[in-house]
Q: 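Take a look at this one; I'll ask things after.
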Amino acid sequence: MSNSPQKPDRFEQARLEKAEKIRELGFDPYGQRFDNHQAIAAVRPLCPEEAGAEGETVRIAARIMGRRKAGKLRFFDAKDATGRIQLLMSRGDMTEQQWELVSALDLGDLVGIDGKLKRTQSGEVSIFVEELTVLCKSLVQPPEKFHGAKDIEMLLRQRYIDLIYNDGVLDRMLQRSKIIDSVRQTLRGQNYVEAETPVLHSVAGGAAARPFTTHHNALDIELYLRIALELHLKRLMVGGVERVYEIGRVFRNEGIDATHNPEFTMIEIYQAYGNYETMMDLTEAIVTDAVKAISDTMVLPWGEEGEGSIDFTSPWPRRKYAELFQEAAGCAMSDTEAVKQIAQSKGIETEGKHPDVIVNDLFEELVEDSLEGPVFVIDYPASICPLTKRKQDDPNIAERFELYVKGMELANAYTELNDPKLQEELFLTQLEGQDEEDSMAKMDTDFIRALKVGMPPSGGLGIGIDRLVMLLTNSRSIRDVIYFPLLRPEGMPAAGEE
RNA sequence: GCCCUUGUAGCUCAAUCGGCAGAGCAACUGACUCUUAAUCAGUAGGUUGAAGGUUCAAGUCCUUCUGGGAGCACCA
């Protein structure tokens, strides 16, 4: 891409001329510090009910969203992060210099306003402007005032346009912040401490996913961006940090769709001397607290208006993996031949695969999408869970649960494996039918060394924060809850050109 | 990666069978002191994503490239 500045279009040219006019009037088109302004949402209720009655003097800072003229009157719609309010500027109430300044205003400009709250004759809450301060001249023509901006590509590449001009976008992102605050608060209340562990890993472990690779120049080594938080947090458990969590970005070099972004936010939580059952209780606490943080009710809408809902009232059902499998497939998951036949009838590749991998493929095909939830699926086949402690009375079953809501996996938790010898063995054992890069079993010798020192028996829990926010804000796409989802860069030269 | 679909003015969208590229909003000039998708009169605004091809004639048909979206695959 060229580094030379873009030639201004006709709109930018006109606005630059207005900026110059503002300078000639003795003002700064890009503004200065503007103290003691009030939130529009706080100011609106102060307006007198009776039309024409003079209310309090207020000061706001806002963006100009709309404009109407009626002779020597100017009505503007102004908006800040909290709400909208109408501004009224009258030729008769302003100095000559201020009136000239009004004529240099455009849609999209940021202004500081001092004036009195008063209702217009039609009853609209308004600020009758006494002093106008230009805080920033906008050089860009805003989208159409009625239909707004709809081009998804533009809205994602220029998310600020989306945030300014599309109602609900900023609100949803602020809800995301509230949800994350709530998660931290719940954990703080139970004496968990937040940790920050490395993003750059020499072994990308803790999950089954393709990593991004990068390179450190001074050490001249290949590094991976982390795909999970697990192995470092467990090292902290070894070190005596008994209740620990991290909220952080993880990176997986895989496809992009409505529920997957290459970088996404996970929380992983570890509790010494707990197990997967204590983590189920914690999951319920975290999610229900988050619901309370953004809603007055435990039943949240899902889908189009009136189409559906999610009832987060706890406790949530806990269903055994094997039972759900049997109900859906009509055979026991230990019946290897029957499982294979059903899998083949569903078009699932079975050749060379470990029986438990086939069972899991079938489970995903038959069961997952139908789990409306919230529901805990518990007790997974051990062979697909290499980091999990087995049940004491059945070594084929792992103490693991996944939480499903609306067919989406929201949380995943284990009773953590703390036997270093067994862990080492599981790292070495590739499940048949899995490519090495698809496998979770990547040898991490430093992690084994840590386990030998001794890690308490523990519960571990991971929650996909983006998915939690999606479910709580009725968002069908992960792009609705991430400010800047990954897009292909603009303006790359076509292959073979240049 | 596969397949389908889409890209027209700053924005939202038209353009019939291949036949003069258009509207609304926004902008600009003017009128109007209570509007709120304000109204009224006028003006200007285009490399139809890019390159090539077919044709007397291409926004429209064909090829390649490119950005976006939906689905599939992978995955959480």
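Letters go in sequence order (proteins before strands), and every chain restarts at 1.
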Q: Please determine whether a side-chain nitrogen of the Lys or Arg among A:Asp80 and A:Arg63 lies less than 4.0 Å from a carboxylate oxygen of the Asp or Glu.
A: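 Not counted as a salt bridge, because no side-chain N and carboxylate O are separated by less than 4.0 Å.
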Q: Under a 4.0 Å N-O cut-off, is there an ion pair linking A:Asp281 with A:Arg318?
A: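 Counted as a salt bridge, because a side-chain N and a carboxylate O are separated by less than 4.0 Å.
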Q: Can A:Arg400 and A:Glu402 be counted as an ion pair, charged N to O under 4.0 angstrom?
A: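 So A:Arg400 pairs with A:Glu402 through a salt bridge.
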Q: Among B:rC11, B:rG68, B:rA27, find the nucleotide with the atom closest to the side chain of A:Glu153.
A: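 Looking only at heavy atoms from C-beta outward on A:Glu153, the closest nucleotide is B:rG68.
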Q: Taking the side chain of A:Glu124 as heavy atoms from C-beta outward, which of B:rU33, B:rG24, B:rU36 is closest to it?
A: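 In terms of side-chain proximity for A:Glu124, the closest of B:rU33, B:rG24, B:rU36 is B:rU36.
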Q: Can a salt bridge be assigned to the pair A:Asp466 and A:Arg176 using a cut-off of 4.0 Å between side-chain N and carboxylate O?
A: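 Yes, this pair counts.
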Q: Once you round it to whole Å, what is the distance between C1' of B:rU66 and CZ of A:Arg157?
A: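 Spelled out: CZ on A:Arg157 to C1' on B:rU66 is 11 Å.
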Q: Using the C1' atom as the point on both nucleotides, what is the distance between B:rG10 and B:rU48, in whole Å?
A: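 Going atom to atom, C1' in each nucleotide, I get 16 Å.
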Q: Tell me what A:Ala70 touches on the nucleic acid: a base, only sugar-phosphate, or nothing, going by heavy atoms under 4.0 Å.
A: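 Contact class for A:Ala70: base.
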Q: So if I take residues 249-257 of chain A and measure heavy-atom distances to RNA chain B, which residues fall below 4.0 Å?
A: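 Close to the strand are A:Arg252, A:Glu254, A:Gly255, A:Asp257.
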Q: Roughly how many Å apart are B:rU5 and B:rA76, using the P atom of each and rounding to a whole number?
A: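 It works out to 32 Å between them.
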Q: On RNA chain B, nearest-nucleotide positions of A:Gly148 versus A:Arg68: which is more 5'?
A: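 Result of the comparison: A:Gly148.
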Q: For A:Arg479, which contact category applies under a 4.0 Å heavy-atom criterion: base, sugar-phosphate, or nothing?
A: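 Sugar-phosphate: the residue A:Arg479, judged by heavy atoms under 4.0 Å, touches backbone atoms but no base.
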Q: Measure from the side-chain N and O atoms of A:Thr57 to the backbone N and O of A:Lys116, and report whether any donor-acceptor pair falls under 3.5 Å.
A: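 Between the backbone of A:Lys116 and the side chain of A:Thr57 there is no qualifying donor-acceptor contact (under 3.5 Å).
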Q: Would you mind checking if A:Arg488 and A:Glu153 are paired as a salt bridge, meaning a charged N to carboxylate O distance below 4.0 Å?
A: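 Between A:Arg488 and A:Glu153 there is no salt bridge, as every charged N stays at least 4.0 Å from the carboxylate O atoms.
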Q: Less than 4.0 angstrom from a charged side-chain N to a carboxylate O is my criterion; do A:Arg67 and A:Asp77 meet it?
A: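 A:Asp77 and A:Arg67: not salt-bridged.
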Q: Could you classify B:rC17 for me, syn or anti, using a glycosidic angle within 90° of 0 as syn?
A: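 B:rC17: syn glycosidic orientation.
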Q: Looking only at atom C1', what distance separates B:rU60 and B:rG19, rounded to whole Å?
A: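 Their C1' atoms lie roughly 11 Å apart.
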Q: Name the nucleic acid region contacted by A:Ser126, choosing base, sugar-phosphate or nothing; use a 4.0 angstrom heavy-atom cut-off, strictly under.
A: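 Counting heavy atoms under 4.0 Å across all strands, no contact is made by A:Ser126.
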Q: Given B:rA27, B:rU12, B:rC34, identify the nucleotide with an atom nearest to the side chain of A:Asp151.
A: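 Of the options given, the side chain of A:Asp151 lies nearest B:rU12.
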Q: Does A:Glu124 come within less than 4.0 Å of A:Arg119, counting only side-chain N to carboxylate O?
A: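 No, no charged N to carboxylate O under 4.0 Å.
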Q: To the nearest angstrom, how far is A:Leu155 atom CG from B:rG68 atom P?
A: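 It is 14 Å, rounded to the nearest whole Å.
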Q: Determine whether the aromatic ring centres of A:Tyr245 and A:Tyr270 lie less than 6.0 Å apart.
A: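 Judged by ring-centre distance (under 6.0 Å), A:Tyr245 and A:Tyr270 do not meet the cut-off.
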Q: In whole angstrom, give the distance that lies between atom CZ of A:Phe76 and atom P of B:rU36.
A: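 To the nearest whole Å, that distance equals 16 Å.
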Q: Under 4.0 angstrom, heavy atoms only, what part of the nucleic acid is A:Leu107 near: base, sugar-phosphate, or nothing?
A: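 The residue A:Leu107 makes sugar-phosphate contact but no base contact.
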Q: Starting the side chain at C-beta, find the nucleotide from B:rG67, B:rU12, B:rU36 nearest to A:Arg488.
A: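 From the listed options, B:rG67 comes nearest.
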Q: Got a salt bridge between A:Arg249 and A:Glu263, using NZ or NE/NH1/NH2 to carboxylate O under 4.0 Å?
A: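 Result for this pair is yes, salt bridge flagged.
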Q: Please report the distance separating the P of B:rG46 from the corresponding atom of B:rA21, rounded so that it comes out in whole Å.
A: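 After rounding to an integer number of Å, I get 14 Å for this pair.
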Q: What nucleotide, of B:rC13, B:rC74, B:rC34, holds the atom closest to the side chain of A:Arg210?
A: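 Of all the options, the side chain of A:Arg210 is nearest to B:rC74.
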Q: Which nucleotide wins on minimum distance to the side chain of A:Lys150, given the candidates B:rC13, B:rA27, B:rC34?
A: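 For A:Lys150, the side-chain atoms sit closest to B:rC13.
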Q: Looking at B:rG69, B:rC11, B:rC34, which one has an atom nearest to any side-chain atom of A:Leu88?
A: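 Output: B:rC34.
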Q: What nucleotide among B:rC28, B:rA76, B:rU12 has an atom nearest to a side-chain atom of A:Glu409?
A: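 Closest of the options to the side chain of A:Glu409: B:rA76.
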Q: Over how many whole Å does the gap from A:Ile267 atom CD1 to B:rA76 atom P extend?
A: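 A:Ile267 atom CD1 is separated from B:rA76 atom P by 19 Å.
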Q: Looking at A:Ile180, A:Leu187, A:Thr186, which one forms a side chain to side chain contact (heavy atoms under 4.5 Å, CB included) with A:Arg184?
A: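 Among A:Ile180, A:Leu187, A:Thr186, the one meeting side chain to side chain contact (heavy atoms under 4.5 Å, CB included) with A:Arg184 is A:Ile180.
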Q: Scan A:Arg84 against the nucleic acid and name what it touches under 4.0 Å (heavy atoms): base, sugar-phosphate only, or nothing.
A: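 Counting heavy atoms under 4.0 Å across all strands, no contact is made by A:Arg84.
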Q: Please give the distance between the P atoms of B:rG18 and B:rC62 as a whole number of Å.
A: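 Those two atoms are separated by 10 Å.
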Q: Using the P atom as the point on both nucleotides, what is the distance between B:rG68 and B:rU8, in whole Å?
A: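 Each nucleotide's P atom is 15 Å from the other's.
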Q: Using a distance-only criterion (donor-acceptor N/O pair, under 3.5 Å, no hydrogens), is the base of B:rU35 paired with the side chain of A:Gln86?
A: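 Between B:rU35 and A:Gln86, which were checked side chain against base, a qualifying N/O pair under 3.5 Å is present.
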Q: Using a strict 4.0 Å threshold on nitrogen-to-oxygen distance, state whether A:Arg15 and A:Glu12 make a salt bridge.
A: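 Judged by the 4.0 Å cut-off on N to carboxylate O distance, A:Arg15 and A:Glu12 do not form a salt bridge.
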Q: Check every atom of B:rU35, B:rU33, B:rC11 against the side chain of A:Leu73 and return the nucleotide holding the closest atom.
A: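 The answer is B:rU33.
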Q: Looking only at the aromatic ring of each residue, does the gap between the centers of A:Phe401 and A:Phe376 stay below 6.0 angstrom?
A: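 They qualify: ring centres under 6.0 Å apart.
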Q: A:Glu144 side chain: which of B:rC25, B:rA27, B:rA76 is closest?
A: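 From the listed options, B:rC25 comes nearest.
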Q: For A:Asp93 and B:rC34, give me the distance from atom CG to atom C1', rounded to whole Å.
A: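 Rounded to the whole Å, the gap is 13 Å.
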Q: In whole Å, what separates the P atom of B:rG52 from that of B:rG59?
A: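 Looking at atom P only, B:rG52 and B:rG59 are 14 Å apart.
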Q: What nucleic acid atoms does A:Lys18 come within less than 4.0 Å of, heavy atoms only: base, sugar-phosphate, or nothing?
A: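 Here A:Lys18 touches the backbone only, sparing every base.
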Q: With heavy atoms under 4.0 Å as the rule, sort A:Gly462 into base, sugar-phosphate or nothing.
A: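 Counting heavy atoms under 4.0 Å across all strands, no contact is made by A:Gly462.
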Q: With heavy atoms under 4.0 Å as the rule, sort A:Arg74 into base, sugar-phosphate or nothing.
A: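 Nothing, no heavy atom under 4.0 Å.
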Q: For A:Lys137 and B:rA27, what is the distance between atoms NZ and P respectively, to the nearest whole Å?
A: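 Answer to the nearest Å: 11 Å.
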Q: According to a 3.5 Å limit on both distances, what stems of 3 or more consecutive Watson-Crick or G-U pairs are formed with RNA chain B?
A: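 Output for stems: B:4-7 with B:66-69, B:10-13 with B:22-25, B:27-31 with B:39-43, B:49-53 with B:61-65.
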Q: How close or far is atom P of B:rC11 from atom CD1 of A:Ile164, stated in whole angstroms?
A: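 Checked: the CD1 to P distance equals 15 Å.
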Q: Do A:Lys21 and A:Glu17 sit within salt-bridge range, that is, some charged N less than 4.0 Å from a carboxylate O?
A: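 Looking at A:Glu17 together with A:Lys21, the answer is no, because their closest N to O distance does not fall below 4.0 Å.
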Q: Using the C1' atom on both, measure B:rA70 against B:rG7 and round to a whole Å.
A: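 Between the two C1' atoms, the distance is 16 Å.
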Q: Heavy atoms under 4.0 Å is the rule here; annotate nucleotides 43-48 of chain B 5' to 3' with B where the base is hit, S where only the sugar-phosphate is, and - elsewhere.
A: --S---
Q: Take A:Arg91 and A:Arg15, find for each the nucleotide of RNA chain B with the closest heavy atom, and name the residue whose nucleotide sits nearer the 5' end.
A: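 Going by which nucleotide is closer to the 5' end, it is A:Arg15.
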Q: Is the shortest distance from a Lys or Arg side-chain nitrogen in A:Arg467 or A:Glu409 to a carboxylate oxygen in the other one below 4.0 Å?
A: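 Salt bridge flag = no for A:Glu409 with A:Arg467.
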Q: Please work out if A:Arg119 contacts a base, only the sugar-phosphate, or nothing of the nucleic acid, heavy-atom cut-off 4.0 Å.
A: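 No contact.
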Q: Just by distance, no angles: are the side chains of A:Asp379 and A:Tyr276 close enough, under 3.5 Å, to form a donor-acceptor pair?
A: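 Their side chains do contain a donor-acceptor pair, which is all the 3.5 Å distance test asks for.
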Q: When the distance from NE2 of A:His147 to P of B:rU12 is rounded to whole Å, what number comes out?
A: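 Between P of B:rU12 and NE2 of A:His147: 10 Å.
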